[in-house]
Amino acid sequence: MTRSIPKTLGLAGDYGLAVLADGSPTSVRTDCVSGALVGQPAPAGAPGRSALSFDIATGTYTWVWKTEPSWAGTCRTFTLELDDGSVHTARVDFRR
């Protein structure tokens, strides 16, 4: 089953929607026990045309990450790099 997982990030302000580095975000399969990356990062899918949004009320950015059914039973690392060079990661367990 494809899921859409919102990944939220606070940057202490609204810097517009052009804050992502080229090629970001990505995801890569990750060993669920050791956390080691398995394979090469691939572009993280997003539903629709506008995946990144900013909520002025909460001051947060959200990227809606579209997952793949083939990821069931695995773990993945989601990486979002900003144009200022900062990198934000989250490990997601799809075994449940």
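Side-chain atoms are counted along with the backbone in the values below, which use heavy atoms only and exclude waters and symmetry mates.
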- Task: To the nearest 0.5 Å, tell me how far Phe94 CZ sits from Thr74 OG1.
- Result: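 Output value for this atom pair is 6.5 Å.
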- Query: Taking atom CZ of Phe78 and atom OG1 of Thr67, what is their separation to the nearest 0.5 Å?
  - Reply: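 Here the interatomic distance stands at 11.5 Å.
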- Contacts of Asp83 that satisfy salt bridge (charged side-chain N to carboxylate O under 4.0 Å, His left out) - sequence neighbours left out: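 With neighbours one apart ignored, the set is empty.
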Qualifying residues under side chain to side chain donor-acceptor pair (under 3.5 Å), relative to [X], sequence neighbours excluded:
X: Ser70; result: none
X: Thr30; result: Thr77
X: Ser27; result: Arg76

- Give the minimum heavy-atom separation between Leu17 and Phe54, together with the two atoms involved.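 Shortest heavy-atom contact: CD2-N, 4.1 Å.
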- Message: Can you give me the closest heavy-atom contact between Arg95 and Cys75, atom names plus distance?
- Response: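 Nearest pair, atom of Arg95 first, then Cys75: NE-SG, 3.9 Å.
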- Task: Would you mind listing the cluster partners of Val87? Hydrophobic ones only (ILVMFWY), side-chain contacts under 4.5 Å, chaining allowed.
- Result: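 So far as hydrophobic clustering goes, Val87 is joined with none.
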- Going hydrophobic residue to hydrophobic residue with side-chain gaps under 4.5 angstrom, can you get from Ile56 over to Leu9?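 Ile56 clusters together with Leu9.
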Partner set under side-chain contact (heavy atoms from CB on, under 4.5 Å) for [X], not counting sequence neighbours:
X: Asp84; result: Leu82, Ser86
X: Ser24; result: Ala21, Leu80, Glu81
X: Thr8; result: Thr60, Thr62

- Item | Aromatic plane relationship, Trp71 with Trp65 - under 30° parallel, 30 to 60° tilted, over 60° perpendicular |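 Plane angle between 30° and 60°, so tilted.
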